[in-house]
Structures are given as structure tokens and as C-alpha cells.
Amino acid sequence: MPEPTSSKLSAPRIAETAAGRILTALLALFYTALATTAAGGEWHTLFIPSCFLTAALLVFCFCLIRGYKVPSPGLAGWLAVGLGGGYFFLRAWFSPWFYESMADLTLIVTALVMFMAGACAGAGNGSKSTLPTLAAVLGLLNAALWAYQNMAGTGASWFRPDYSLFGTETDGTGLFGYKNFSAHFLSITGFFLCAWSMASLKKWGVHLFAGLLLVAASFTCDSRAAFPNALIGVTLCFFIYTSSVFRNNRKFYTAAILFFLLLFFSTAYVVLDLTSGAGSLTSILDVFTFGNRITLSKLAWSLTEQAPLFGHGSRMFTNLAVEFFPFPNVPNFTHHEYAQAACDYGYTGLAVMLALLLLFISLGFRSVLRLAAEHPQVNPLGPAAFCALCIAAAHAYGEFIWHNPALAGAAALCCGLSCTASFSRIKASRTGGRLVLGAGAFLLAALSVWYACLAFPTWKASWQAVPASSPDGMPMLEQAAAASHDPDLVRRNILHAAGSSPPPGPGRLRQLEQQMERAELLSPGNHALVAAKGLLYMHQGRYREAERLLRPYVSFSRFDDRMYAWTTTYANVLYAWCISTAPHSPNKALSMALAVKDLMEKQVRFWNYYRIEDAAMRREHAQRRNEVDMVIQTLQARGAVPDDSWKE
């Protein structure tokens, strides 16, 4: 007698349900919003992505409650989420700078979500995946915007009403506002499509030609990363092609790998050698790290030694590097993701990052090997993710690509694909895994809601954006700074208020000081606030406090304005103090005026050396120098002699 069939139907896979399709659409909108509205990790531009992310996480929780089958990311995936995501999340949460830690938290949450999305997308044969189409659309959109900006001679963005709260005053750099980010995005999306085409049954089609077009477009971004990215991508795509065409022909496959490895290293050596004009290892490394970036990485490794185990905290490199970096402008990142990870998160964080990278790359390479072993069903997303991830891992050596949320999300997506696309059978998550995923998704949804609420007032204010030269920009900037007390926004608010006409009154100055005090609580020891704080003290007549505050940041041996205009602000403070002191202490006033003149002369030499030509700036500078010379002559005519006691 046959056994009766069970009346209870098996739960459907999440990808086969209406909720799963909604989830896919929300994740696509989330990533599209990251690429088109998030300004390079500036937290206040992430309001719209946070809304889409919250909706996607809640839909995912609904799918878990309904019992839909969710693919398990496997042991490698759980290690990545638990060990990697957990460590970086907790370390960023307890970092000393509030808004910098918030920016890193968005990167980590984005990476976690996109990783799980990749793990789900890789579970199957990839025949119905929308990822290649989404990559092609976003890549072509970036290329089209880049072309329009360059042909029209404008830097206006189609999507951001404001890039940095100063209106649409961005460079012509596509969706990302930075040429190296645009070049990298074009490279990885282009080679993702090329590798996907090489690994699929249809090797020639619209996706391949779209990928080739994006790779070609990456060379127009004036980024030196385009060539090494292309060299790596072409080599890997050839490996993937030979694996899928010459199956089980190990001799040809081995010869092809050895030949292209030799071609890659010899071409790289020749290009770097010709570029540097010398064959020494130091010059090659200098070119490979793009000029003074080798100094940045050396400084980051040195700073790591001060906190080797767990690092200094999220994005603390900028604050710490200010006192040591020898060049005129302090960069915002090390332009070396591995050195940045060591400085911010310690050797523990670096070890976790490298271990997981090697794990995901090895899993991706397993997908390529499966192409050569006559497997009946091979997910082409695996080799495509392997190619894009290898390019990103190499480019991270010379750029801070993973501090952009869209680029970090793309790398995490490829890591997730590598976890599941290399296996022929994917298991559904068990009860324990589903509970972990559900709890994590709910907590991340709560965090995303909080983040959206935090970013909304500043995002709303940014819609009033006008050019920085317009006086109408002040209310917008004031509203954004008052709503968030982000140290960078408060600093810019003080600088704009100090330069406004008429100058701010006592009430306004007191309001700005309160903003500054709250910003310092959120970001203690922030060097960026020092110049603005000194300027605020000057307008309040607190010259001694301003001078003592700024003096440690000023080098009298040479002009050294750096990122935050400390020397210029210091000269202005000293000149204002000189004028107020002259009636009752002419000797001290003369000493101050001479110090100001010395700094201004160094500034002119600095401009001449770096060939900085700005007619308006030079006219204003010449006028101030004439005023200083007149003060010096007047004081000397009255018999004053320099008195340096004000320095005590």
C-alpha cells in the first residue's frame, strides 16, 4: 500500500516568492541610490539609501517569518559576517569620533547587506540573474554622465542637489564626484560583464560589448588606475575563457596561465620602469603608489605602531596625520586600504580583512576551476565576481575605494557571490542561522531608521543648496550645522560666518561657539576645528587665546598652510591682535607685525614654488601686506623696538 503524501507543502525558495522579488527590487534601488546620491561616504547624503535599506531589511525579516528558504552562506559566509562584520562593527561603534564612526558604520552595514544579497544571488545557476543587467545599466549611466559633463564643460550632477552643502559645484567625474572612483567603477563593472560573458554559454552578446565599452570609458577618466585594472582584468578574463572553452585540456590551460603571468609581470615592470625613468625598486614602488602616496602609507604604518592591536578608531588617520604629514595638504585617507585598516582597526583588523579576502578570492578561483572540469551547471556569476574582486583587491593598494559606500558594496556583493556560486548545491539556512539572520536584519533595520532620522535634517537643508559664492547659502549651511553638529559642517559654518558682511554680532558669535562646543564633544581632539575655533576667538576679541591655540600648528621655518588654513588664520589673528595692542604696547605690536610679514612672505614663496596663480587672492594678499608694512613703518617711526614677550 503506497504511503500517503504529506499535505504540508515544502516552503518555497525566497527567490521564487513575490516578497523575494520585492526584496530584489528594494536592494537594487538601495544600491542605485548609493551610487547616485551618496557623496563619497558623507553621512548626510545617505538618507535615501537608508530608507530603501530599512524597507529591504524589513521585507527580509518578513520572508524569514513566513518560513521561505533562504540560502545559507556556508561556513565562509558565517565567518565573514560573524568574525569580520562583528569586529569592524563593534570597533567602529566605540570609536572616539562620532560622525566618523557613523560614516564607517554605514560602510560596514552596507557591506553586510550586500554580502548577504550576493550569497542569495549566487545560489543557483545564475541563468535568471538580474545582476549583469543592473551592472550594465549603472556602468553605462556613469559613463554617460561622465561624457556629458566633459562635453558640456559642467560638473553638475543629475542626482545630487548638493555634494558638500555648497551647491552643485563638483568636478566632471560621473556619479562619484572623484575621477579615480568613477574609473574604478567603470573597470569593475566592465570586467564583471566581460568575465560573466566568458563564463556563460553565450560568450558573445550585449553584456560583453557593454563591458568592453565601460572598460574603454575608464581610460577617459584621467586615472592612472585604469591601466593596471585593465591589465589584471584582461588577464583574468583570458583565464576564464580558456577554462570554459578548453575544458580538461590541462596542458594548454597551464601554459596559458604561465604565459599570461609572465606577460603581466613583464609588462607591469616595463611600464613602471619607463614611467619612473629608473629601474630601482624604490622608484617602481613610488609609481605604483602614485607619487607621495608611499609617504601616506609609511605614515599610516608608523601610526599603527602607537596602537598596534586594535588601532586608533574609525578614520582617525586624518586627525593623527596632521602633525606629521610633510606635504602642503593633508589627505582625507591614506589612499591605501590595508594601511588604513591597520591604522584605524589595528593589526587585528588588518589580519581579519586579509584572511577574508584570501578566502573569498580562493572561493572565486574555485568557480573558475569548475569551468575547466566539465561541470554541467556552472554559475557564471562566480568567475565574474572573482575577476571584479581581484581588481578591487589590487586597486585598494593605491586608493581608498572601500571608503565609498557604492564601491564597498560592490566588493561585498562579489564576496557573497564567491561564497555560494562555487558550489553546485546550496543548502538552506537552518533554524539557528535563520534566527541569527532575522535578529541581525532587525537590528540593522533599527540602526538604519536611526541613521535616516539623524541624516534627514541635513539632507533636507541640502536641497536649498546654492553656489558657495551666493549669500543665500548661509541659512542653508547654518540649518545643517545646527541640526547635526557635525564637526566638519560646524567648521565650515564658522568660516562662512566669519567671512560674511556685515560681520557676525555678539549673539551670533555666541551661538557659533555653542555649536563648536557640541561638535567638540562629538569629535574630541578634532584638528579640523582648530582653525575655525581660532577665527571665532579672533572675532570675539580673544586674541591671546586664539594665538596660543593656533601656535602649535604653525611652522615659522616655512609656510605650511595645509588643509585647514592654520597659518593664514594665525596671521590674521596676529595682525588683529597687533592693531588692538599698538596704542598701549607698541613694542609687542611691532614684534607681531614682523611675524605676520614673515609668514606672508613665506606664503608668496609657496605660491611661486607651486605655481599657484589666483589673481583675486594675490591682490587681497598684496593689500594686506601693504597694510602690515605701513603698520611696521609707523611703529618704527615712533621708536618702537620688537618685544617678543607676547610669545610667552
Side-chain angles (χ1 to χ4, degrees), residues 13-16 20-36 52-53 56 60 70-71 73 77 110-142 175 184-203 205-215 233 236-237 240 360 363-364 367-368 371 377-392 405-423 426:
R13 292 177 62 243
I14 188 172
E16 300 168 350
R21 288 187 283 272
I22 294 173
L23 176 60
T24 301
L26 286 172
L27 287 172
L29 289 172
F30 165 63
Y31 188 79
T32 303
L34 279 180
T36 56
F52 285 127
L53 177 61
F60 184 67
V70 178
T110 297
L112 289 172
V113 171
M114 296 305 293
F115 173 80
M116 292 306 302
C120 291
N125 58 17
S127 58
K128 297 182 179 180
S129 176
T130 59
L131 280 179
T133 302
L134 178 62
V137 169
L138 284 178
L140 292 172
L141 181 62
N142 186 71
L175 297 174
H184 179 76
F185 186 71
L186 291 170
S187 292
I188 60 170
T189 51
F191 281 112
F192 181 91
L193 294 172
C194 291
W196 182 83
S197 300
M198 295 296 99
S200 61
L201 297 177
K202 283 181 136 185
K203 301 191 183 305
V206 65
H207 289 96
L208 175 62
F209 290 106
L212 293 174
L213 178 62
L214 294 178
V215 172
L236 294 177
C237 284
I240 293 168
F360 296 136
L363 288 174
S367 294
V368 179
L371 289 173
Q377 288 186 343
V378 177
N379 190 339
L381 291 173
F386 167 71
C387 181
L389 189 57
C390 286
I391 295 172
L407 299 182
L413 181 77
C414 291
C415 292
L417 288 171
S418 299
C419 279
T420 53
S422 59
F423 296 95
I426 304 297

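Just so you know, these numbers come straight off a predicted model, no measurement behind them.
Considering only residues two or more places apart in sequence or on other chains, F191 meets the ring-ring contact (aromatic ring centres under 6.0 Å, His included) condition with none of them.
A 4.5 Å side-chain heavy-atom check between C387 and C237 finds at least one atom pair inside the cut-off. Counting only heavy atoms from C-beta outward, the side chains of V70 and R13 never approach each other to under 4.5 Å. Using a 4.5 Å heavy-atom cutoff, the side chains of N142 and L138 are not in contact. With a 4.5 Å cut-off on side-chain heavy atoms, P132 and L381 count as touching. Within the 4.5 Å cutoff, the side chain of L26 has no heavy atoms near those of the L53 side chain. Between M198 and P383, every side-chain heavy-atom pair lies at or beyond the 4.5 Å cut-off. Annotation: side chain of F115 is not in contact with side chain of L413 (no heavy-atom distance under 4.5 Å). Using a 4.5 Å heavy-atom threshold, the side chains of F360 and C414 count as separate.
Here M116 contributes atom CE and C419 contributes atom SG; the two are 9.0 Å apart, rounded to the nearest 0.5 Å. We find the CD1-NE2 distance between I391 and H184 to be 8.0 Å, quoted to the nearest 0.5 Å.
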Quick one: side chains of residues 28-35, donor-acceptor pairs under 3.5 Å with protein atoms, not counting sequence neighbours, listed by atom name and distance.
unit_1 : atom_1 : unit_2 : atom_2 : d
Y31    : OH     : A406   : O      : 2.8
T32    : OG1    : A28    : O      : 2.7

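Of the options T189, L213, L186, a side chain to side chain contact (heavy atoms under 4.5 Å, CB included) to L140 is made by L213 and by none of the others.
Nearest heavy atom pair, residue I240 against residue A195, reads CD1-CB, 3.6 Å. When all heavy atoms of G122 and N379 are compared, the closest pair comes out as O-ND2, 3.0 Å. Here the shortest heavy-atom pairing between C390 and L236 reads CB-CD1, 3.5 Å. The two atoms that bring L363 and S418 nearest to each other are CB-O, 3.4 Å, heavy atoms only. For the residue pair L193 and H207, the shortest heavy atom distance occurs at CB-O, 3.5 Å. The two residues A412 and A111 make their nearest non-hydrogen contact at CB-O, 3.3 Å.
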Determine whether L389 and C415 satisfy the following criterion, side chain to side chain contact (heavy atoms under 4.5 Å, CB included), listing intermediate values before the conclusion.
CA-CA 7 Å; L389 189 57; C415 292; 3.9 Å; yes
Under the side chain to side chain contact (heavy atoms under 4.5 Å, CB included) criterion, do L131 and L417 qualify, and how do the steps go?
CA-CA 11 Å; L131 280 179; L417 288 171; 4.0 Å; yes
Would F386 and F192 count as a ring-ring contact (aromatic ring centres under 6.0 Å, His included) here? Give the steps.
CA-CA 9 Å; F386 167 71; F192 181 91; over 10 Å; no
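At least one donor-acceptor pair closer than 3.5 Å links the side chain of T420 to the backbone N or O of A119.
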